[in-house]
Amino acid sequence: MYRTHTCGELRIDNVNTEVILAGWVQRIRDLGAMSFVDLRDRYGITQLVIDEETDKSVAKQLHGLGREFVIQAKGTVRERQSKNKNIATGEVEIALSEIKVLSTSEIPPFTIQDDTDGGDDIRMKYRYLDLRRSTVRKNLVLRSKMAHAVRCYLNSQDFIETETPVLIKSTPEGARDFIVPSRMNEGQFYALPQSPQTFKQLLMIAGFDRYFQIVKCFRDEDLRADRQPEFTQIDCEMSFVDQKDVLAMFEGLTKHMFKETLNIEVGDFPWMPYSEAMEKYGSDKPDIRFEMCINDITETVKGNNFVVFDSAEYIGAICATGCAGYTRKQLDGLTKWVQRPQIGAKGLVYVKCNEDGTFKSSVDKFYSQDDLKVWAGKTGAKAGDLILVMSGDKSNMQKAIGELRLEMGNQLGLRKKGTFKPLWVVDFPLLEWDEESQRFHAMHHPFTSPKIEDIPLMDTDPGKVRANAYDLVINGVEIGGGSVRIFDSALQAKMFSLLGFTKEEAEAQFGFLMKAFKYGAPPHAGIAFGFDRLVSLFAGLDTIRDVIAFPKNNSGRDVMIDSPSFVADAQLDELNLKLDLKEKK
RNA sequence: GGUGGCGUAGUUCAGUUGGUUAGAAUAUCGGCCUGUCACGCCGAGGGUCGCGAGUUCGAGUCUCGUCGUCACCGCCA
């Protein structure tokens, strides 16, 4: 027997029992005639002690130990003379009678403590050591709990958990595919799924009615703090439902997860049309933990011979509560911030609403105190507030002010971790014009159904067609998205043609789905949650890396196993592949 | 593809206007220590300043290139 107890479970009630513990040496504190060892496992830390009563050979053995040795320790539980309130086992210690080294350790490259001295780079290279730290382990425990909560809830709602294939077919729509050569089919490739989209729709046609899967998906695109090339979705689909049914079901799931894992009750989720989200928040994923909504003041401020405004398509303003005291330096800082290439604004106009009722602005030359008072009225600014104004073309400026709004939210501490404000963003446009390829792209995906009342617009003004598509947004993070699907092969064919597919291309890529629609397809709809994002949101983290056991770095590399890597020529030969690496200039 | 930050001891970082022998903390090793739990005290070892070129009497410091890493933009149906 390796152990009788874990390192996290002994309490005062266990005093005088003989126990065997096993774990990693966290730290040794040698006080001369007596020494302490913190023994660590997944469950906690227990203190081992040697003093003058301990067998000399054990004391001698202790001196051979180092950090991260794996040992087995036999001894008697006793009450501590000086207790440690900070740990669960802090009232007891083990008076050692025997130590056995199960495994030695080299000196770890960074300290394995909550407040490690290691940076991201070295921790990723030795991820298996990083995972020993309780801060990282806690995230993965949370992830496990959340996955369990998902399964419990969806099982209780009669969902069938079904696996779908990972080696599938490449499609040019959407993100780049990871492709896998087929040895048995010379010159041909599988693709890894960006999502099990078509398969879950086929399961609906198969009559499964309610399907879910916690599933790895793959996209060969550049990474971000919240984007990995392989990531996990909670993928769901239902039959004989409309949008309202789907949102109700998955609002229920989301609330269940909050309750089960964080013990938080979140209220009912508001529905916000996409157009409102863009107008008021400059984003399709608004953070509604705070107000500071964007006001369109275009008509109010035009016509005072201020060229910048007069020539602008759109002028928007936000009101930063209590910021009238911002210094010149702070305002310059904000201006610089919006001028960064990532935002790309030309400048920023401010109006300070002074406590005495006067106004001080950067455009005093063009606007009177009365004019500025009207601005304040439009933006809801009161004495002590700061109005920030940006102008330019409409869609870019809405986004830019939306970014500024988030930055002000950060500066004012309005984006509190631990507060969760979910909402459904609905009524997305069906299509999005792409300048580069000079054609429409599906905003969600090509299987999304248009709103019935907008179907006539598909012929006259496709850009105006709204979709039965929805996103779950929490705290400004896109957590999930889905849609009511097209289940009619004629409408699906029309959609493909709008997207610029020829009949032949549509047939070659999605013929199997179009054919399936001809054999009795039920109305169906679904949703997919970004599981990694959801876990990192729950854990209060800014990156999904820390909720993934073995993540990739910014360049899509796994620095621990050093992949991707070149393969042997023999492997390439077998696949009939030849590398032709282009010389770098 | 682009913009920006960072790269100095095992690790995390400091290093002034370009100027003598590159520092701190922590980790490691040795000594002392009977109640520690970030133990304490004393001492020691530990450096290709990412790499390459350039400017200069002189480069950790300035310039260019390159590699790595992080954040963001593009991209992510």
Side-chain angles (χ1 to χ4, degrees), chain A residues 26-40 45-54 59 63 66-68 78-87 89-90 93 106-126 129 171-177 194-195 197-198 217-229 231 337 339-344 399-400 403 428 430-432 434-437 439-448 467 469 478 481 483 495-496 499 501 509-510 528 530 542-543 545 553-555 557 559 584:
Chain A
Q26 173 76 38
R27 173 172 267 145
I28 301 166
R29 288 181 294 278
D30 180 1
L31 273 64
M34 71 186 308
S35 298
F36 302 97
V37 178
D38 288 341
L39 192 67
R40 183 196 74 236
I45 285 179
T46 300
Q47 177 166 283
L48 315 177
V49 63
I50 329 185
D51 54 25
E52 57 191 357
E53 286 158 33
T54 312
H63 285 280
R67 280 178 189 253
E68 301 307 316
R78 74 183 186 200
E79 187 172 359
R80 289 200 196 187
Q81 278 180 35
S82 50
K83 297 178 178 166
N84 184 348
K85 278 176 278 181
N86 298 319
I87 59 174
T89 60
E93 63 192 2
E106 294 191 6
I107 296 157
F110 54 90
T111 58
I112 298 175
Q113 300 161 191
D114 290 0
D115 55 340
T116 180
D117 60 6
D120 289 344
D121 200 7
I122 194 106
R123 291 197 293 119
M124 286 306 158
K125 190 167 175 186
Y126 297 90
L129 298 182
T171 57
E173 276 289 303
R176 291 185 189 88
D177 288 314
Q194 300 177 25
S195 97
Q197 183 60 34
T198 49
C217 300
F218 306 86
R219 291 178 190 173
D220 186 9
E221 296 292 346
D222 285 8
L223 293 86
R224 290 284 189 280
D226 64 348
R227 267 164 39 188
Q228 286 269 307
F231 60 100
W337 191 85
Q339 286 172 337
R340 291 178 315 144
Q342 284 82 348
I343 307 285
K399 284 178 200 158
E403 292 291 333
F428 278 82
L430 183 68
L431 303 162
E432 185 170 44
D434 181 57
E435 283 296 332
E436 200 179 320
S437 56
R439 65 176 184 91
F440 282 107
H441 280 227
M443 189 141 179
H444 185 51
H445 58 53
F447 316 107
T448 300
E478 184 193 327
S483 62
M495 183 69 179
F496 282 135
L499 294 171
F501 284 75
Q509 282 172 41
F510 300 112
D542 297 318
T543 164
R545 269 178 213 150
N553 78 1
N554 228 13
S555 325
R557 298 199 66 84
V559 294
K584 279 205 169 172

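Everything quoted here is computed from the prediction, not taken from an experiment. Below, read A as the first sequence line, B as the second, and so on, with proteins coming before strands; counting in each chain starts at 1.
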Next on the checklist: Once you apply a heavy-atom cut-off of 4.0 Å, does A:Asn86 come out as touching a base, just sugar-phosphate, or nothing?
Outcome noted: nothing

Checklist entry - Phosphate oxygens OP1/OP2 of B:A71: is one of them under 4.0 Å from a side-chain N or O of A:Arg545? => result yes

Item to check | Watson-Crick/G-U partner (both atom distances under 3.5 Å) of B:G19 | outcome: B:C57

Next on the checklist: Over 60° means perpendicular and under 30° means parallel, so tell me whether A:Tyr126 and A:Phe110 are parallel, tilted or perpendicular.
Outcome noted: perpendicular

Checklist entry - Across the strands shown, which category fits A:Lys125 at heavy-atom distances under 4.0 angstrom: base, sugar-phosphate, nothing? => result nothing

Checklist entry - Heavy atoms under 4.0 Å, any strand shown: does A:Arg439 hit a base, just sugar-phosphate, or nothing? => result nothing

Checklist entry - Does B:C32 have a Watson-Crick or wobble mate here (both distances under 3.5 Å), and if so which one? => result B:G40

Checklist entry - So, does A:Thr111 use its side chain to make a donor-acceptor pair with the main chain of A:Thr116 at under 3.5 Å? => result no

Next on the checklist: In whole Å, I'd like the distance from the CD atom of A:Glu106 to the P atom of B:U11.
Outcome noted: 14 Å

Next on the checklist: If you only use heavy atoms from C-beta on, which nucleotide in B:C37, B:U36, B:C76 is closest to the side chain of A:Glu93?
Outcome noted: B:U36

Item to check | Atom P, compared across B:U16 and B:U28: separation rounded to whole Å | outcome: 31 Å

Checklist entry - Relative to the 5' end of RNA chain B, which residue comes earlier, A:Gly118 or A:Glu79, by the nucleotide with the nearest heavy atom? => result A:Gly118

Checklist entry - What interatomic distance, in whole Å, is found between C1' of B:U12 and the corresponding atom of B:U69? => result 15 Å

Item to check | Identified pairing partner of B:G52, criterion: Watson-Crick or G-U wobble below 3.5 Å | outcome: B:C64

Item to check | Side-chain donor or acceptor of A:Arg227 paired with backbone N/O of A:Asp222 under 3.5 Å | outcome: yes

Next on the checklist: Could you tell me the Watson-Crick or G-U partner of B:U3, where both distances fall under 3.5 Å? Say none if there is no partner.
Outcome noted: B:A71

Checklist outcome for this item: If pairing means Watson-Crick or G-U wobble with both distances under 3.5 Å, then the partner of B:U12 is B:A24

Item to check | From A:Asn84 atom CG to A:Asp38 atom CG, the distance as rounded to the nearest 0.5 Å | outcome: 8.5 Å

Checklist entry - To the side chain of A:Leu31, which of B:A71, B:C39, B:C37 is closest? => result B:C39

Next on the checklist: Any donor-acceptor pair, under 3.5 Å, between the side chain of A:Arg80 and the base of B:U36, if you only look at N and O atoms?
Outcome noted: yes

Next on the checklist: Return whichever of A:Asp51 or A:Arg227 has its heavy-atom-nearest nucleotide of RNA chain B closer to the 5' end.
Outcome noted: A:Asp51

Next on the checklist: So A:Pro446, base contact, sugar-phosphate only, or nothing? Heavy-atom distance under 4.0 Å.
Outcome noted: base

Item to check | Closest nucleotide among B:C75, B:A71, B:G35 to the A:Asn554 side chain | outcome: B:A71

Item to check | A:Leu499 side chain near A:Arg439 side chain, heavy-atom distance below 4.5 Å | outcome: yes

Item to check | Proximal nucleotide (of B:U69, B:A71, B:G35) relative to the A:Val559 side chain | outcome: B:U69

Next on the checklist: Rounded to whole Å, how long is the line connecting atom CD1 of A:Ile122 with atom C1' of B:G68?
Outcome noted: 13 Å

Item to check | Sequence-distant partners of A:Asp120, salt bridge (Lys or Arg N to Asp or Glu O under 4.0 Å), two or more places apart | outcome: A:Arg123

Checklist entry - Can you name the nearest heavy-atom pair linking A:Gln509 to A:Phe501, along with the distance? => result OE1-CE2, 3.4 Å

Next on the checklist: Counting only side-chain heavy atoms from C-beta out, which of B:U69, B:C76, B:G35 sits nearest to A:Arg219?
Outcome noted: B:C76

Item to check | Sugar-phosphate only, base, or nothing, as touched by A:Ala33 at under 4.0 Å among non-hydrogen atoms | outcome: base

Item to check | All side chain to side chain donor-acceptor pair (under 3.5 Å) counterparts of A:Arg78, not counting sequence neighbours | outcome: A:Asp51, A:Glu93

Next on the checklist: Just the rounded figure in Å: distance from P of B:G74 to CD of A:Glu403.
Outcome noted: 9 Å

Checklist outcome for this item: Rounded to whole Å, the CD1-P distance (A:Ile50 to B:C39) equals 16 Å

Checklist entry - Between B:A25 and B:U66, how far is it from one P atom to the other, in whole Å? => result 39 Å

Item to check | Phosphate-side-chain proximity, A:Arg224 and B:C73, N/O vs OP1/OP2 below 4.0 Å | outcome: yes

Item to check | Contacts of A:Asp30 that satisfy side chain to side chain donor-acceptor pair (under 3.5 Å) - sequence neighbours left out | outcome: A:Ser35

Checklist entry - Over how many whole Å does the gap from A:Gln26 atom CD to B:C39 atom C1' extend? => result 15 Å

Next on the checklist: Nearest 0.5 angstrom please: A:Met495 CE to A:Thr448 OG1, how far?
Outcome noted: 6.0 Å

Checklist entry - Below 4.0 angstrom from OP1 or OP2 of B:U69, is there any side-chain N or O of A:Ser555? => result yes

Next on the checklist: For A:Arg40 and A:Gln113, which I'm curious about, is there any donor-acceptor pair between the side chains at under 3.5 Å?
Outcome noted: no

Checklist entry - Tell me: CE of A:Met34 to C1' of B:G40, nearest whole Å? => result 15 Å

Checklist entry - Say you pick atom P in B:A24 and the same atom in B:C42; how far apart are they, in whole Å? => result 14 Å

Next on the checklist: So is the aromatic ring of A:Phe36 stacked onto the base of B:U36, judging by whether the centres are under 5.5 Å apart and the planes are under 30° apart?
Outcome noted: yes

Item to check | For B:G47, the Watson-Crick or wobble counterpart (both distances under 3.5 Å) | outcome: none

Next on the checklist: Could you tell me how far B:U55 sits from B:U63 if I compare only their P atoms? Round to whole Å.
Outcome noted: 15 Å

Checklist entry - How close or far is atom P of B:G10 from atom OH of A:Tyr126, stated in whole angstroms? => result 12 Å

Checklist entry - Phosphate oxygens OP1/OP2 of B:U36: is one of them under 4.0 Å from a side-chain N or O of A:Arg29? => result no

Item to check | Integer angstrom distance from the C1' of B:A9 to that of B:G54 | outcome: 29 Å

Next on the checklist: What's the separation between atom CD1 in A:Ile45 and atom CD in A:Gln26, rounded to the nearest 0.5 Å?
Outcome noted: 4.5 Å

Item to check | Listed nucleotide nearest any side-chain atom of A:Ala175, set B:C76, B:A71, B:U36 | outcome: B:C76

Next on the checklist: In whole Å, measure the gap between the C1' atoms of B:G30 and B:A71 for me.
Outcome noted: 44 Å

Taking only nitrogen or oxygen atoms into account, show me every contact under 3.5 Å that the protein makes with nucleotides 2-8 of chain B, one pair per line with its distance.
from: B:U3; atom 1: O2; to: A:Gln342; atom 2: NE2; distance (Å): 3.4

Checklist entry - Whole-Å distance between B:G35 P and A:Asp38 CG? => result 17 Å

Item to check | Distance in Å, A:Leu430 CG paired with A:Phe440 CZ, rounded so as to fall on 0.5 Å steps | outcome: 9.5 Å

Checklist entry - Using atom C1' of each nucleotide, how far apart are B:G65 and B:U26 to the nearest Å? => result 36 Å

Checklist entry - What residues form a salt bridge (Lys or Arg N to Asp or Glu O under 4.0 Å) with A:Asp434, not counting sequence neighbours? => result none

Grab the N/O contacts between the protein and nucleotides 23-27 of chain B below 3.5 Å, and write none if there aren't any.
from: B:A27; atom 1: O3'; to: A:Arg67; atom 2: NE; distance (Å): 3.4

